[in-house]
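None of these values were measured; they are calculated from a predicted model.
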Amino acid sequence: MQPERPFTEVASTAKASPIIRIVTLILAALSILMFAALSRFLYQAETNAIHQSFAAEVAQQALSFEREVVLNLEILFALNASVSLVETMTPDRFDQLTDDVLARSPAIQAFAWAQIVTPETLAAFESRMKDWYPGYRVTERNANGEVVPVSLRPQYAPVQMIEPIESNQAALGFDLASEPRRLAALLQSMDSGKMVATAGITLVQEPDNQRGFLVFTPQFLPPVNEREAIGNESRVVFVNGVFRVGELVKQSVGSRLSQQMQLQVVDRTRGAQDVLYSMPPDPSEHWLTSQTVVHDLPDVAGRQWHFEVTPAASLYSERRSYVPWLVLSSGTIVVVLLVIYVFVTQRQTHDLNVAKSELERISLTDSLTGLANRRYFDQHLEQQWAQAVRQRGALSLIMIDIDKFKPYNDEYGHPEGDAALKQVAKTLRQVATRPLDLVARYGGEEFAFILPDTDDPVEVAQACRRRVEELGLRHEYSDVATVVTISAGVCTLYPSDSYEASQLTEWADDALYQAKERGRNQVVVYTPE
């Protein structure tokens, strides 16, 4: 049935819904799409408004957190200024300076005093410190996490004093220079003379091992004695604070953080990705990571922090209105009602359209073979001729005639002749494999084969001849062969204004005549000579 597609589509279109129904459905679909687009626009506008409101809330929270961080750093800065006024620092004086501050600042876990010590002065330093803390020694942690005496290195930064000492006794004597992150911050602070923070550290003595960071503030003091002054113009000491990131969050935005918001504080200094604080996400919520709002905090003692808040889907859904859905649903209902009205009014003409389509189909179909008839052949040939003119392509025509069919009809009878015509028509239809190829009953026992832009129409004609012969339809009254055979004439033209479509038919028919003259059951190609 493949070659008859253009023809059968004409008939099926006549049977389908009238064009007005198609137009109505298209208009209805466009109307629904318009309402959907309007609803989408309102939905997106509402989403943008919700996101802007959410971003404004996050901006306020980020500002509060920033202020809390700055306030605590200023506390350390003020403490460093106070310490610089004390000629000789002792544990009692350090305790007096830090006690009130620690009581009022829950985000600060501890204050410590550390001094740069060289290998040459290490023994004297430990001896002097034992006057304050018996058993004091400078230590570090080995690869197994065990506290051991420090190994040889160019310099040390042991903790001399720390408050509150009750909860930080183990930190006394710990060499801050033994840990790479602390050492990097120490050296940067010593070189710049400014306050410098470390990367995030885990505060193991805190609940859930929450994250924190150390901030070093350097001071350059005169030597304690002449022995330390040899080759050393001043002592380098550090007042450092240990800060809890979780407490900074709690003190600044804790009461304003909804369960529908997931907060993270991330350190991205020099390309790092260190999460200093993260609220545990509610597993029952769907988190909209694409809507995350990120605020860059100003310099935090040399570190670049980011305040990031991700909303839950429920936060957006709770703030939405029903306007977009009302627009979509009401618009769809109106369109559906209009479509129903149009379809109901068109139902009365349905039978008439079906009858009209059926008549058109009958008028274009050969009733015996089911192939296109002569009328449809003429229409299709004109269409393909015009198409070939526009595209400057080739158009081929095969004219086919059943050899000695009159004796067949006379001797076997017309019923047998009609059956033979049907089988030949079915065979020819099977040869046509492209949508625009057309096999038509041209008249009587004659058929026509239209082949647009075909590379080898002669091979198509030969295939038709072979397959008809292979049918093996007995024909005892033919002087060509013992079975039914066909003859074919082929003509190919490149249509132009110099020719007409009728010229192609005429020359293909001339070639068919030559095939008959030469003995039948063969294919002849038309040439001008």
Side-chain angles (χ1 to χ4, degrees), residues 89-92 94-95 98 102 108-191 196-219 221 223-225 227-228 230-232 235-245 267 272 274 276:
M89 183 60 65
T90 65
D92 290 339
F94 194 69
D95 180 29
T98 59
L102 290 170
I108 303 176
Q109 183 193 43
F111 284 121
W113 173 285
Q115 177 179 336
I116 295 296
V117 178
T118 63
E120 295 78 13
T121 61
L122 180 61
F125 172 80
E126 285 184 330
S127 176
R128 188 168 62 252
M129 290 302 301
K130 288 177 181 178
D131 294 339
W132 289 339
Y133 304 109
Y136 180 93
R137 62 174 182 169
V138 179
T139 60
E140 65 182 5
R141 290 187 181 274
N142 61 17
N144 298 323
E146 300 169 341
V147 178
V148 296
V150 291
S151 56
L152 182 64
R153 63 173 61 92
Q155 57 188 5
Y156 310 98
V159 176
Q160 288 182 267
M161 293 165 274
I162 189 167
E163 293 294 337
I165 194 169
E166 295 79 9
S167 57
N168 295 280
Q169 182 74 41
L172 276 175
F174 180 74
D175 179 20
L176 300 177
S178 64
E179 198 276 321
R181 286 179 292 184
R182 291 182 174 92
L183 176 61
L186 278 168
L187 295 176
Q188 185 180 349
S189 178
M190 186 166 59
D191 291 341
V196 175
T198 68
I201 60 174
T202 300
L203 304 176
V204 294
Q205 62 269 51
E206 292 297 311
D208 300 323
N209 291 342
Q210 71 165 291
R211 302 275 283 170
F213 63 101
L214 274 65
V215 180
F216 296 101
T217 55
Q219 290 192 21
L221 305 178
V224 174
N225 51 48
R227 182 178 179 182
E228 290 189 359
I230 299 174
N232 200 8
R235 287 184 300 140
V236 182
V237 299
F238 296 91
V239 177
N240 62 289
V242 183
F243 296 86
R244 306 178 179 96
V245 180
D267 183 353
D274 188 12
L276 302 176

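Listed by chain and residue number, I162, P164, N168, V242 satisfy the side chain to side chain contact (heavy atoms under 4.5 Å, CB included) test with A110 (two or more places apart in sequence, or in another chain). For T217, the side chain to side chain donor-acceptor pair (under 3.5 Å) partners two or more places apart in sequence, or in a different chain, are N80. For E146, the side chain to side chain donor-acceptor pair (under 3.5 Å) partners at least two apart in sequence or on another chain are N142. For D92, the side chain to side chain contact (heavy atoms under 4.5 Å, CB included) test picks out T90, with sequence neighbours left out. Partners of E163 under the side chain to side chain contact (heavy atoms under 4.5 Å, CB included) rule, at least two apart in sequence or in another chain, are F94, D95, T98, L102, I165. In this structure F213 satisfies the ring pair (Phe, Tyr, Trp, His ring centres under 6.0 Å) test together with F243, W305, sequence neighbours excluded. Applying the side chain to side chain contact (heavy atoms under 4.5 Å, CB included) rule to R153 yields the partners E140, V150, S151, Y156, D175, S178; only residues at least two apart in sequence or on another chain are considered.
Remark: side-chain polar atoms of T118 are not paired, donor with acceptor, to backbone N or O of Q155 under 3.5 angstrom. One N or O on the side chain of E126 and one on the backbone of V138 form a donor-acceptor pair closer than 3.5 Å.
Applying the salt bridge (charged side-chain N to carboxylate O under 4.0 Å, His left out) rule to pairs touching residues 177-191 yields E179-R181, E179-R182, sequence neighbours excluded.
In terms of heavy atoms, F125 sits closest to P158 at CE2-CG, 3.4 Å. When all heavy atoms of P154 and P119 are compared, the closest pair comes out as O-CD, 3.1 Å. Of all heavy-atom pairs between A114 and L176, the closest is CB-CD1, 3.9 Å. Of all non-hydrogen atoms in S189 and P218, the two that sit nearest each other are OG-CD, 3.0 Å. Considering every non-hydrogen atom in both L186 and A157, the closest pair reads CD1-CB, 3.7 Å.
Residue R244 holds its CZ atom at 15.5 Å from CG of L276, rounded to the nearest 0.5 Å.
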